[in-house]
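Only one structure is covered here, and it is reproduced in the block below.
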Amino acid sequence: MSDLKGDLSEAVAAAFAAAGLPADLGRVTASDRPDLADFQCNGALPAAKRAGLNPRDVAAGVAGRLAGDARLTSVEVAGPGFINLKVSDAALAARAAEVAADPRAGAQGVSRPRRIIIDYGGPNVAKPMHVGHLRSSIIGESLKRIYRFRGDTVTGDAHFGDWGYQMGLLIGAVCDEDAAIAGLVETLNAGGDPDGALPAAFEQVSLADLDRLYPLAAAQGNQDTAYRDRARKLTADLQARRAGCYLLWRRFRAVTQVALQRDFHALGVDFDLWNGESDADALIEPMVADLAAKGLLEDDQGARIVRVARESDKKKLPPLLVVSSEGSAMYGTTDLATVLDRKQTLAPDHVIYCVDQRQADHFEVVFRAAYLAGYAVEGSLEHAGFGTMNGADGKPFKTREGGVLKLNDLIEMTRAKAAERLREAGLGAELDPAAFDDTAHKVAIAALKFADLQNFRGTSYVFDLDRFSSFEGKTGPYLLYQAVRVKSLLRKAAEAGDKAGAIAIGEPAERDLALTLDAFDQAVAEAYDKKAPNAVAEHAYRLAQAFSKFYAACPILAAPTPAAKASRLALATAALKQLELALGLLGIETPERM
RNA sequence: GCGCCCGUAGCUCAACCGGAUAGAGCAUCCGCCUUCUAAGCGGACGGUUGCAGGUUCGAGUCCUGCCGGGCGCGCCA
């Protein structure tokens with residue numbers, strides 16, 4: 001089943017071909033001028049250019065061949081050679097009925113499903129998530145759902161940062177602060193069991209400790225060479241699985257995981273794999289040997305590297321640093337090993353890295369090394385970068401106190417506001433406490449996610465607390481509100497025994513709603529192709545808006561005739577289904593009432 | 001210094017291979033609840049798309065230069 005736009009494109013393409021013109025120019029799009037037409041085709045302009053003809057004559061020739069199409073009420077040539085199409089109410093009604101009957105609400109799947117991995121470029125161990133982490137999880141989750149919806153087999157991998165220098169820094173910092181721990185680490189390093197039980201002293205280390213110590217240690221490492229060298233050595237010790245470092249690291253990982261799981265769960269973000277950089281560790285040694293065997297590895301300044309620069313590069317890319325002069329695996333090493341690991345375990349057709357745009361160069365280096373080594377097919381690794389979230393001053397977001405706003409605090413803040421708003425609306429008495437909390441949570445998450453996802457992934461944007469916790473206008477709660485109004489309507493209709501029936505289109509608001517329902521497939525396809533969930537967000541908003549206008553203009557339960565009531569109930573039902581599907585693709589859930 | 005990205009309404013953001021009159025929300029102002037949830041609907045106001053050239057029948061979109069901002073550039077991740 002294809003949408004009206006697709007059906008009309010076929011008809012217009014056929015008319016182009018019949019007129020001796022390239023059929024691919026017969027592409028139909030939604031009209032830029034809704035006052036003049038429902039759909040348009042601009043293909044006569046380039047066709048005329050190629051053939052050296054007058055574009056209006058070409059357009060008129062094509063229009064003449066479309067005159068008999070029963071779906072069209074008018075075909076007109078306008079401006080320099082646009083072909084304007086108006087579709088009949090009957091054709092719109094038929095399409096709306098298809099959407100109503102389709103579990104996918106009119107959206108098609110891909111013709112050739114692929115195996116996809118989405119790498120969320122996860123947060124680092126030892127650091128609580130702050131608002132900046134919203135983007136990768138929200139965008140990655142939405143992409144995962146969009147790809148899955150279109151028919152691909154998708155694996156989402158958190159890919160935590162848990163295996164680098166920052167771990168060595170933290171081990172050192174914790175030891176400096178607690179002599180007992182320092183002693184234990186030393187003793188265990190000398191000959192303990194890395195897979196043994198955690199010493200009680202290690203259990204005392206909390207996430208708050210790590211959060212407090214990390215920035216201090218990082219700063220110290222930047223200016224103190226001896227401090228840095230010790231951290232590097234501890235990193236190497238950790239990677240060599242010396243028991244003191246390794247067991248302490250396991251504690252770091254555990255306390256971080258608890259907080260991360262809480263935040264991800266609150267956001268409705270779920271990973272199929274909770275892997276981290278450390279999970280690729282076992283592959284590193286054989287991989288290094290393999291790279292050496294393939295002649296890709298060079299010694300340089302005490303480190304071992306793979307050169308990836310090309311003659312054609314505008315900018316000289318640095319090499320991939322595989323083994324540091326300390327013998328440690330680097331960021332790029334684990335990333336490359338992860339590519340290899342995935343090839344062996346999941347054999348993906350395509351991998352999408354949903355990571356901050358600033359890491360574009362890093363990924364280019366890793367991807368090239370992977371292609372050189374034969375760990376991935378050229379072009380199968382893709383960095384879908386996103387922009388940074390800034391404060392009003394254009395710099396990364398900070399609270400008034402100067403610290404970074406923690407994600408959990410943002411969620412709680414927004415949830416409290418949603419609860420207050422729900423109480424004002426009188427739902428405190430109507431819903432039991434559990435349902436009330438659940439609703440407040442859904443409203444808050446919708447507000448946060450939609451505020452982010454309505455922006456194109458690649459743009460950096462200004463984080464504005466008021467906007468993120470706003471419930472009016474182009475916001476998540478507005479979308480939920482429209483869905484909830486339909487649900488309420490359908491409950492009342494069910495009580496009265498009213499049923500949905502054949503769809504008829506008459507009122508302008510009904511036409512607009514039907515046309516908007518038809519545009520869902522295009523929005524999903526665009527989001528898929530461009531890795532841009534904002535296309536779905538935009539469609540969801542337009543649909544909600546079209547429904548709200550329809551709701552205001554066309555009485556449903558009090559429709560003038562039983563047939564009109566049945567038709568409008570069917571339209572409302574279809575709108576709800578598509579809206580909930582679209583919201584689902586954004587990772588937003590709809591409550592029953594609000 | 002080299003490279004990448006960005007500059008659109010007072011603010012925050014959109015804009016489908018280059019198409020018609022560049023769209024939303026917020027803010028401001030004016031209307032609409034005795035009828036299905038007013039977290040809503042209707043209307044008004046708001047633009048030389050940073051600047052200057054170029055390509056094109058047609059440029060926010062492509063090319064060149066300039067101005068302004070962000071980011072990256074081998075042992076952090």
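Here is how names work: the chains are called A, B, and so on, in the same order as the sequence lines, proteins then strands, and each is numbered from 1. None of the values given here were measured: they were computed from a predicted structure.
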* Below 4.0 Å: OP1/OP2 of B:G72 and any side-chain N or O of A:Lys315 -> no
* Asked: Between the base of B:A20 and the side chain of A:Gln40, is there a donor-acceptor distance below 3.5 Å?
  -> yes
* Structure fact -> Winner on side-chain proximity to A:Arg232, out of B:C76, B:A20, B:G19, is B:C76
* Classify the nucleic acid contact of A:Asp361 as base, sugar-phosphate or nothing, counting any heavy atom under 4.0 Å across all strands shown. => sugar-phosphate
* To do: Mind telling me if B:C17 is syn or anti? Syn here is a glycosidic angle within 90° of 0.
  => syn
* **Toward the 5' end of RNA chain B, by each residue's nearest nucleotide, A:Ala360 or A:Asp162** => A:Ala360
* Between B:G18 and B:G60 - C1' atom distance, rounded Å -> 11 Å
* Is A:Asp35 touching bases, backbone alone, or none of the nucleic acid, heavy atoms closer than 4.0 Å? -> base
* Where along nucleotides 34-45 of chain B does protein come under 4.0 Å, by heavy atom, of base (B) or sugar-phosphate alone (S), with - for untouched nucleotides? -> --BBSBSSS---
* Just compare B:C4, B:A14, B:C16 and give me whichever is closest to any side-chain atom of A:Lys314. => B:C4
* Counting any heavy atom closer than 4.0 Å, what does A:Leu45 reach on the DNA or RNA strands: base, sugar-phosphate only, or nothing? -> base
* How far does the P atom of B:U61 sit from the matching atom of B:G7, given to the nearest Å? -> 11 Å
* Asked: Given the P atoms of B:U56 and B:C63, what is the spacing between them in whole Å?
  -> 16 Å
* Interatomic distance at P, B:U49 relative to B:C11, whole Å -> 16 Å
* **Minimum-distance nucleotide to A:Gln301 side chain [options: B:C16, B:A14, B:G74]** => B:G74
* Asked: At under 4.0 Å between heavy atoms, what does A:Asp300 touch on the DNA or RNA strands: base, sugar-phosphate, or nothing?
  -> base
* Asked: Counting distance only, does the side-chain N/O of A:Thr459 pair as donor-acceptor with the main-chain N or O of A:Phe456 below 3.5 Å?
  -> yes
* **Nucleotide nearest A:Leu321 (side chain, heavy atoms from C-beta), chosen from B:G72, B:G19, B:G74** => B:G74
* Touch class at under 4.0 angstrom, heavy-atom based, for A:Pro55 against every strand present -> nothing
* Distance test, side-chain N/O of A:Asn124 to OP1/OP2 of B:C76, below 4.0 Å -> no
* Mind checking whether A:Tyr541 and A:Tyr478 have parallel, tilted or perpendicular rings, split at 30° and 60°? -> tilted
* Are any of the side-chain heavy atoms of A:Val355 and A:His362 separated by less than 4.5 Å? -> no
* For B:C26, what is the paired nucleotide under Watson-Crick or G-U wobble rules, both distances under 3.5 Å? -> B:G10
* To do: Taking the six-membered ring of A:Tyr528 (Phe, Tyr or Trp), confirm whether the NZ or CZ of A:Arg150 is under 6.0 Å from its centre and within 45° of its axis.
  => yes
